[in-house]
Number of protein chains: 2
Amino acid sequence: MNYSRQRESIKEYLMSTHEHPTADIIYQHVKADYPKISLGTVYRNLTLLVDLGEVRKISTGDGTEHYDADTSAHSHYYCRCCHRVMDLEVTPSVDQILAASSAGLGTIEIANLLFTGVCQSCLNEQSKE
Amino acid sequence: MNYSRQRESIKEYLMSTHEHPTADIIYQHVKADYPKISLGTVYRNLTLLVDLGEVRKISTGDGTEHYDADTSAHSHYYCRCCHRVMDLEVTPSVDQILAASSAGLGTIEIANLLFTGVCQSCLNEQSKE
DNA sequence: TTCTAAAACAGTAATTATTCCTATTTTTAT
DNA sequence: ATAAAAATAGGAATAATTACTGTTTTAGAA
């Protein structure tokens, strides 16, 4: 695999934010530095980075995938109202779960715990109306 | 909300299987009883049932959503090779997690734990080659 | 049982996220 | 400097899902 400035820029942006952006948001940001970058390049590199284990893909079920350069064991909270993904310090004892559940299964590469609900700021907005 | 035979059939099929089918698979099955049913009807009713909490949507990140009529607390194992979703008895102490993590957040409606890897049968296939 | 309004439907068109394709440019090693 | 491999931009194609519209079904009241 060869170096590419575009891929580097995508990684850099992802590492600088905690916002779990979608491919399109990443595209818009990287465009500031590389105005000619194409969306296809963003997608291709995201797939690459996920396969390399350098980036985590977060599927919320809202129609777009979110990406996170923080690959440490942590959970996410998804607000089905504003569609934001937030980090959660709380992580279950994934190691124990993995040990307990891996019997009879194949490999386990990713364990993703996702909470869904309506976040505090959306609840505040709703109570105003 | 009014009764509909199509919705009943969708629910019935979902309750009869442990295969976590996609909308299209559900469509093909319900078609056996209702040959004129349209895919749009399947999607609309799935969304309805999920909103009612009678069906669970499982997002694996493989481009299609999976559905499950078993709404009890349980985990899933996703094989990134054959794209099947399987049930896992093992469930972390979600109640504890919820209690611990709900501080400062909004509501928590769904907690989904998804394991991803390559399942035993896919590993067997691969070792043959 | 008719009648009526609301809800649901089938069929199809439209949308949107993502992938694929190709000719050109960049990277890397010689 | 050169050449092969890898990556890119741009645009076309795909596939899952949603939206639209005229027709049918449902449910409740007359």
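Lettering follows sequence order; numbering is per chain, from 1.
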Do any N or O atoms of the protein come closer than 3.5 Å to N or O atoms of nucleotides 27-30 of chain D, and which pairs are they?
residue : atom : partner : partner atom : Å
D:dA27  : OP1  : B:Y3    : N            : 3.3

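A:T17 contributes no side-chain N or O that, together with a main-chain N or O of A:L14, makes up a donor-acceptor pair within less than 3.5 Å.
A single hydrophobic cluster is not seen to contain both A:L114 and B:Y78; linkage of ILVMFWY side chains at heavy-atom distances under 4.5 Å, directly or through other members, places them apart. With hydrophobic clusters built from ILVMFWY side chains whose heavy atoms lie under 4.5 angstrom apart, B:V50 does not share a cluster with B:I58.
Comparing the helix axis at one end of the helix from C:dT1-D:dA30 to C:dT30-D:dA1 with that at the other, each defined from 5 consecutive pairs, gives an inter-axis angle of 30° (nearest 10°).
Contact annotation: the side chain of B:V55 never approaches that of B:D68 to less than 4.5 Å [non-hydrogen atoms, C-beta and beyond]. Side-chain atoms of A:V85 and A:T60, non-hydrogen and from C-beta on, do get closer than 4.5 Å to each other. When side chains are defined from C-beta on, A:M1 counts as touching A:L48, because their heavy atoms get closer than 4.5 Å. With a 4.5 Å cut-off on side-chain heavy atoms, A:H76 and A:L113 do not count as touching. With a 4.5 Å cut-off on side-chain heavy atoms, B:Y67 and B:I10 do not count as touching.
The six-membered or imidazole ring of B:H18 lies away from that of B:H20, with a centre-to-centre distance of 6.0 Å or more.
Residues that satisfy the side-chain contact (heavy atoms from CB on, under 4.5 Å) test with B:M86, not counting sequence neighbours, are B:Y77, B:C79, B:R84, B:C119. B:T22 is linked by a side-chain contact (heavy atoms from CB on, under 4.5 Å) to B:D24, B:I25, B:T64, B:H66, counting only residues two or more places apart in sequence or in another chain. With sequence neighbours left out, the salt bridge (charged side-chain N to carboxylate O under 4.0 Å, His left out) criterion links B:R80 to A:E109.
Once rounded to the nearest 0.5 Å, the distance linking OG of A:S9 with CD1 of A:I37 reads 6.5 Å. One distance of note links OG of A:S4 with CG of A:N45; it measures 5.0 Å at 0.5 Å rounding.
Proximity of residues 8-27 of chain A to DNA chain D (heavy atom under 4.0 angstrom from any strand atom) is not detected for any residue. The stretch residues 31-48 of chain B touches DNA chain C through B:K36, B:I37, B:S38, B:T41, B:R44, B:N45, each having a heavy atom within less than 4.0 Å of the strand. The stretch residues 54-62 of chain B does not touch DNA chain C, since none of its heavy atoms comes less than 4.0 Å from the strand.
Between chain A and DNA chain C, the heavy-atom contact criterion of under 4.0 Å yields a 5' to 3' nucleotide range of C:dA17 to C:dT28.
Residue pairs meeting the salt bridge (Lys or Arg N to Asp or Glu O under 4.0 Å) criterion with at least one partner in residues 1-18 of chain A, sequence neighbours excluded, are A:K11-A:E54. Residue pairs that meet the salt bridge (Lys or Arg N to Asp or Glu O under 4.0 Å) test with at least one member in residues 56-67 of chain B, sequence neighbours left out, do not exist here. Contacts classified as ring-ring contact (aromatic ring centres under 6.0 Å, His included) and involving residues 24-48 of chain B (residues at least two apart or in different chains) are given here: B:Y13-B:H29.
Atom CD of B:E65 is separated from atom C1' of D:dA16 by 9 Å (rounded to the nearest Å).
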